[in-house]
Every structure is written in C-alpha cells, then in structure tokens.
S.K.: 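Let me begin by handing over the structure; questions about it come next.
Computed from a prediction, not measured in an experiment: that's the story for all the values here. We count residues from 1, following the sequence as given.
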Amino acid sequence: MRLILLGAPGAGKGTQAQYITEKYDIPQISTGDMLRAAVKAGTPLGVEAKKVMDAGGLVSDDIILGLIKERLQQPDCANGFLFDGFPRTIPQAEALKEQGVDLDYVVEVDVEDEEIIKRMSGRRVHPASGRTYHVVFNPPKVEGKDDVTGEDLIQREDDNAETVRKRLEVYHSQTKPLVEFYSKWAESGQPGAPKYVRIPGVGSVTDIRDQIFKALGD
C-alpha cells in the first residue's frame, strides 16, 4: 500500500496515519524525520542538507527528493509507505511523478476551517506530564486545572486561534492545490494514476478510520 495522506493541520491525519501504518505494516515517512536521520547518519545528502540548515536556509526540493529515493529503497518499504507532510507543493508533486514513484492512493481528510479552529484552539495541556484536554470535547474536571495534580493547564502558542488561522492560510495557498493536482490525475485514467479518496474528517476517530479502510478496499 503506497499512499499520500493530505489534510489541513488539525484535521486528524496523525491519528489516522498510525492506524494505516499498523494495518498495512508500512512506515510513515515524514521529510522532517528523514532529514534528521540523514544528518545524524552523515550521508552525502545529509551533509549537504546540514550545510543549508546551519546557514538558516530551506532545504531544496532536489535534496528532499534524493532523500526520498534513498528512503524508499530501505527494506521496511517493501510493503509500501505512507507519505506524511510530503509533497507540500505542486513542484514537489510533479517531481515525485517524474521520478516514477508509484502511488496506489491519495487520501484527503477533509475538515472545514472553522471546525479545525474550534478543535485546536480548545486544546489545553498540562506541561509537566503532556496530558491534553479540550474545553469542549474532553474538559478537565475543574476548569483550567489538571485532573491528576490540580496544576494549571496552558494553551500552547501553536493552538492559539490566530496561529491556527495563519497555518490554515499557508495550507490553502501551498498545499490545498495538491488536492486538485491529484484528483485530476486520478480522474484522467492515465496508467499509473493513483486513486483519489476524500474522507470527511468529522465524527469519531474510529468512524473516520473505518471509512478510510473501506475506501482502501477493506
């Protein structure tokens, strides 16, 4: 099973990625993890990437695609892979296509912006333990306090409504065009085109999981 998981930040991709990778025994490949591993291992591409990152630059698509090529040759990709957070842009998607990386499915977890803002801005965290709550969906017993220690809960800056809106703006301008790219390619019926599946990301986590598995042919 070779697939890409698309969706806005806060759409619940991380949880669903875990279910998919466990079911199909495939690795979840994120560019961040790949970069860190390559830098740590001191591979030629890792050394190149480290130079760019140390200078405060953005790692080029060529380096990222080189890392992906190397990663897909590793034994744990024998059953397939799940791309998480890649591709982010149309040029990356086109380069992946030109490289001949086969894909079976592109799955989009679709959630409205306002729902995402409600989900993310309602999160509260107990910093010491990492326990998380939600003011609507999973409130603490005492407002603003951790259930176990009674200590104050905080809202992370990433979960601030304004920050979430900015992240969604970036998603819509850079990544959302991938929805059109892959859905059009799927409709074209060209040899090698992946199937495109849109799953509404609302409802219980297990309902969404079951819908994804059904769409993937189970």
Side-chain angles (χ1 to χ4, degrees), residues 1-9 11-50 52-53 59-110 175 178-179 181-199 201 205-218:
M1 181 62 70
R2 297 159 300 198
L3 59 95
I4 290 172
L5 198 55
L6 291 178
K13 296 192 305 298
T15 305
Q16 297 305 329
Q18 217 172 339
Y19 287 133
I20 295 166
T21 52
E22 281 172 13
K23 181 174 176 64
Y24 294 101
D25 191 23
I26 55 176
Q28 181 174 343
I29 298 176
S30 89
T31 47
D33 291 347
M34 256 186 341
L35 273 169
R36 282 187 288 275
V39 167
K40 193 177 175 186
T43 67
L45 281 170
V47 170
E48 218 176 313
K50 189 174 188 308
V52 177
M53 292 191 293
V59 178
S60 71
D61 285 355
D62 286 347
I63 293 177
I64 297 286
L65 287 153
L67 288 169
I68 280 172
K69 207 171 182 180
E70 285 179 359
R71 181 70 184 84
L72 295 184
Q73 287 163 358
Q74 291 178 17
D76 64 342
C77 291
N79 296 331
F81 51 82
L82 181 148
F83 280 138
D84 168 30
F86 183 87
R88 282 189 192 279
T89 62
I90 297 292
Q92 288 179 347
E94 285 171 341
L96 202 62
K97 188 177 176 182
E98 280 161 26
Q99 268 196 11
V101 174
D102 289 329
L103 294 168
D104 299 312
Y105 285 92
V106 176
V107 177
E108 179 195 0
V109 181
D110 185 28
T175 312
L178 292 170
V179 167
F181 177 88
Y182 282 113
S183 54
K184 278 191 172 172
W185 185 17
E187 284 164 18
S188 73
Q190 291 171 0
K195 293 186 176 74
Y196 193 88
V197 178
R198 180 177 284 118
I199 304 290
V205 166
T206 49
D207 281 350
I208 297 163
R209 175 201 67 189
D210 294 346
Q211 283 184 65
I212 291 173
F213 286 166
K214 191 177 174 189
L216 297 177
D218 288 299

S.K.: Testing the basics here: between Gly42 and Val47, what is the closest heavy-atom pair and its distance to 0.1 Å?
M.R.: O-CG2, 3.7 Å
S.K.: Which pair of non-hydrogen atoms, one from Ala95 and one from Leu65, has the smallest distance, and what is that distance?
M.R.: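 Taking Ala95 first and Leu65 second, the nearest heavy atoms are CB-CD1, 3.2 Å.
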S.K.: With rounding to the nearest 0.5 Å, note down the distance linking CD in Glu48 to OG1 in Thr43.
M.R.: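 Reported to 0.5 Å precision, the distance equals 9.5 Å.
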S.K.: Please find the pair of heavy atoms, one from Gly217 and one from Tyr105, that lie closest to each other, and give the distance.
M.R.: N-OH, 4.4 Å
S.K.: Just so I know, are the side chains of Asp84 and Leu5 near enough to count as touching, which here means a heavy-atom distance under 4.5 Å?
M.R.: no
S.K.: Taking all atoms of both residues into account, what is the closest heavy-atom pair of Gly80 and Ile26, and its distance?
M.R.: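 Taking Gly80 first and Ile26 second, the nearest heavy atoms are C-CG2, 3.5 Å.
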S.K.: Measuring from atom OH of Tyr196 to atom NZ of Lys184, what distance do you get when rounded to the nearest 0.5 angstrom?
M.R.: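 These two atoms lie 13.0 Å from each other.
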S.K.: Considering residues, nucleotides and ligands other than Gln18, do more than 12 of their heavy atoms fall under 6.0 Å from its CD?
M.R.: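 Counting neighbours around CD of Gln18, 12 or fewer heavy atoms of other residues, nucleotides or ligands fall under 6.0 Å, so no.
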S.K.: Are any non-hydrogen side-chain atoms of Ile4 and Phe86 less than 4.5 angstrom apart?
M.R.: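 In short, these two side chains do not touch, never coming nearer than 4.5 Å.
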S.K.: What are the two closest non-hydrogen atoms of Leu45 and Gly66, and how far apart are they?
M.R.: CD1-C, 3.4 Å
S.K.: If you define the side chain from C-beta out and look only at heavy atoms, does anything of Leu67 sit under 4.5 Å from Thr31?
M.R.: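 No, their side chains stay 4.5 Å or more apart.
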S.K.: Take Leu35 and Ile64 through the side chain to side chain contact (heavy atoms under 4.5 Å, CB included) test and state the conclusion after the steps.
M.R.: CA-CA 8 Å; Leu35 273 169; Ile64 297 286; 4.0 Å; yes
S.K.: Classify the ring geometry of Phe83 against Phe81: parallel below 30°, tilted from 30° to 60°, perpendicular beyond 60°.
M.R.: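 Because their plane-to-plane angle lies in the 30° to 60° range, the rings of Phe83 and Phe81 count as tilted.
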S.K.: I would like to know whether Arg198 and Val179 meet side chain to side chain contact (heavy atoms under 4.5 Å, CB included); could you show each step before the answer?
M.R.: CA-CA 9 Å; Arg198 180 177 284 118; Val179 167; 3.3 Å; yes
S.K.: Side chains of Leu103 and Tyr182: closer than 4.5 Å at any heavy-atom pair?
M.R.: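 Yes, at least one pair of side-chain atoms sits under 4.5 Å.
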S.K.: To the closest 0.5 Å, what do you measure between CD1 (Ile199) and CG (Asp207)?
M.R.: 11.5 Å
S.K.: Report yes if some heavy atom in the side chain of Leu3 is under 4.5 Å from a heavy atom in the side chain of Leu216; otherwise report no.
M.R.: yes
S.K.: Once you round to the nearest 0.5 Å, how far does CZ of Arg71 lie from CD1 of Ile68?
M.R.: 10.5 Å
S.K.: Please say whether more than 12 non-hydrogen atoms of neighbouring residues, nucleotides or ligands are located less than 6.0 Å from NZ in Lys97.
M.R.: yes
S.K.: So do the side chains of Glu94 and Thr89 get within less than 4.5 Å of each other, counting heavy atoms only?
M.R.: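 Heavy-atom side-chain distance check fails, nothing below 4.5 Å.
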S.K.: Measuring only between side-chain heavy atoms, which start at C-beta, is Ser183 closer than 4.5 Å to Glu108?
M.R.: no
S.K.: Go through the steps to decide whether Lys50 and Val59 satisfy the test side chain to side chain contact (heavy atoms under 4.5 Å, CB included), and finish with yes or no.
M.R.: CA-CA 9 Å; Lys50 189 174 188 308; Val59 178; over 6 Å; no
S.K.: Looking at every non-hydrogen atom in both residues, tell me the closest pair between Leu178 and Pro87 and how far apart they are.
M.R.: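 Result for this residue pair: CD1-O, 3.0 Å.
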S.K.: Indicate yes or no: at least one non-hydrogen side-chain atom of Gln16 is less than 4.5 angstrom from one of Val107.
M.R.: no
S.K.: Crowded around Arg88 CZ? As in, over 12 foreign heavy atoms under 6.0 Å?
M.R.: no
S.K.: List the steps and the verdict of side chain to side chain contact (heavy atoms under 4.5 Å, CB included) for Leu72 and Ile29.
M.R.: CA-CA 9 Å; Leu72 295 184; Ile29 298 176; 3.7 Å; yes
